[in-house]
Amino acid sequence: MTSQQDDLDKEREFWRRFPRRRPPGIERPGPGQESVWDYPRPPRVEAVTQRVRIEFGGVALADSTRAVRILETASPPVYYVPPEDVRMELLQPAAGTTLCEWKGLARYWTVRVGERVTERAAWSYPDPDPAFRGITDYLAFYPSKVDRCLVGEQQVAAQAGDFYGGWITPEIVGPFKGEPGTEGW
């Protein structure tokens with residue numbers, strides 16, 4: 001094992017064991033709603049039955065009926081679209097990676113449509129951990145870095161802080177991780 005792999009494994013283990021606390025004021029879901037506090041840790045991947053669409057610069061960057069979402073405690077769902085349903089010619093690899101303790105190393109993508117550019121607007125996992133092989137090369141987009149994200153006909157609100165990239169729709173209740181002071185959740 002390489003020194004770099006050892007470092008990644010140590011970081012992953014640190015975050016997996018990081019003590020978490022539940023905040024006060026967790027909303028009780030109503031009919032047809034789901035609470036992010038009922039989502040699992042480690043996260044779960046599930047198929048999405050609605051159409052998922054991402055728009056930027058007047059074009060659909062992604063349009064899919066084959067997307068999946070990842071559900072993880074305290075965070076709104078993150079939607080991942082298969083690369084076949086993404087206009088990959090509008091994406092360019094961006095510098096840097098980040099480590100998810102569950103999914104592995106993420107790579108980033110910059111979107112360019114004509115003169116409009118949004119840096120590190122999407123990410124993917126080219127070689128995810130075994131439990132997440134089903135999202136290999138699927139792309140997730142930050143709602144705050146594109147013009148519009150839709151799940152079915154519902155426009156998505158961006159999760160605060162942009163760290164997690166969650167998509168907030170009316171049926172999702174929190175509070176949501178991402179605001180200042182939520183790091184320990």
Side-chain angles (χ1 to χ4, degrees), residues 15-16 18 20 22-23 25-56 60-86 98-109 111 118 120-125 128-129 131-179 182-185:
W15 287 113
R16 284 185 176 181
F18 188 80
R20 309 268 177 198
R22 290 174 69 89
I26 293 174
E27 295 176 53
R28 184 172 229 122
Q33 292 183 316
E34 49 190 68
S35 171
V36 298
W37 293 94
D38 293 330
Y39 291 165
R41 186 167 174 82
R44 176 178 74 233
V45 178
E46 64 179 34
V48 175
T49 58
Q50 302 100 327
R51 178 181 180 198
V52 171
R53 185 173 167 94
I54 297 121
E55 300 171 356
F56 181 73
L61 292 176
D63 194 342
S64 183
T65 57
R66 301 178 302 144
V68 299
R69 67 183 191 155
I70 294 186
L71 308 176
E72 182 173 0
T73 306
S75 183
V78 175
Y79 287 75
Y80 287 79
V81 179
E84 299 82 19
D85 296 344
V86 176
T98 56
L99 175 69
C100 170
E101 67 265 37
W102 306 109
K103 295 178 289 293
L105 275 177
R107 70 175 302 189
Y108 288 84
W109 299 88
V111 177
T118 182
R120 292 172 59 103
W123 72 95
S124 61
Y125 292 91
D129 287 3
F132 294 91
R133 291 276 184 239
I135 65 162
T136 300
D137 294 327
Y138 276 44
L139 289 105
F141 290 81
Y142 289 105
S144 65
K145 293 188 177 193
V146 295
D147 295 336
R148 195 161 83 136
C149 295
L150 296 156
V151 177
E153 298 300 317
Q154 295 180 334
Q155 186 160 339
V156 169
Q159 180 178 12
D162 257 354
F163 183 78
Y164 299 96
W167 291 26
I168 302 171
T169 53
E171 71 277 359
I172 308 297
V173 297
F176 309 117
K177 191 172 189 171
E179 300 271 354
T182 66
E183 294 83 11
W185 293 4

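Every value quoted in this text rests on a predicted model; they were computed, and no experiment measured them. In this chain, residues are counted from 1 in sequence order.
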Which atoms form the tightest heavy-atom contact between [X] and [Y], and what is the distance?
X      : Y      : value
Val111 : Phe56  : CG1-CD2, 3.7 Å
Ala160 : Glu179 : CB-OE2, 3.4 Å
Trp123 : Gly165 : CH2-CA, 3.9 Å
Val86  : Ala62  : CG2-CB, 4.0 Å
Ala67  : Ser64  : N-OG, 3.4 Å
Asp129 : Gly104 : OD1-CA, 3.9 Å

Would you indicate whether the side-chain heavy atoms of [Y] and [X] approach each other to under 4.5 Å?
X      : Y      : answer
Pro40  : Glu72  : no
Arg66  : Glu84  : yes
Glu101 : Arg41  : yes
Ile172 : Pro77  : yes
Trp37  : Pro175 : yes
Phe132 : Ile70  : yes
Pro83  : Tyr138 : yes
Ser124 : Leu139 : yes

Does the pair Ser75 and Val36 meet the rule for a side-chain contact (heavy atoms from CB on, under 4.5 Å), with working shown? CA-CA 6 Å; Ser75 183; Val36 298; 5.9 Å; no
Let me confirm one number: the [atom1]-[atom2] distance from [X] to [Y], rounded to the nearest 0.5 Å.
X      : Y      : atom1 : atom2 : value
Leu71  : Asp38  : CG    : CG    : 11.0 Å
Gln154 : Ile168 : CD    : CD1   : 12.5 Å
Gln50  : Leu150 : CD    : CG    : 11.5 Å
Arg53  : Glu153 : CZ    : CD    : 10.0 Å
Thr136 : Lys103 : OG1   : NZ    : 13.0 Å
Asp63  : Glu55  : CG    : CD    : 8.5 Å

Can you label the angle between the Tyr142 ring and the Tyr108 ring as parallel, tilted or perpendicular, going by 30° and 60°?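 Answer is parallel, since the angle falls under 30°.
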Salt bridge (Lys or Arg N to Asp or Glu O under 4.0 Å) pairs, two or more places apart, involving residues 154-164: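 Residue pairs passing salt bridge (Lys or Arg N to Asp or Glu O under 4.0 Å), neighbours aside: none found.
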Has the side chain of [X] got a donor or acceptor atom that lies under 3.5 Å from a matching backbone atom of [Y]?
X      : Y      : value
Thr118 : Lys145 : yes
Trp167 : Phe141 : yes
Gln159 : Lys177 : yes

Going through the checks in order, is the side-chain contact (heavy atoms from CB on, under 4.5 Å) test met by Cys100 and Tyr125? CA-CA 10 Å; Cys100 170; Tyr125 292 91; 3.5 Å; yes
Stacked cation flag Arg107 on Trp109, 6.0 angstrom / 45 deg: yes
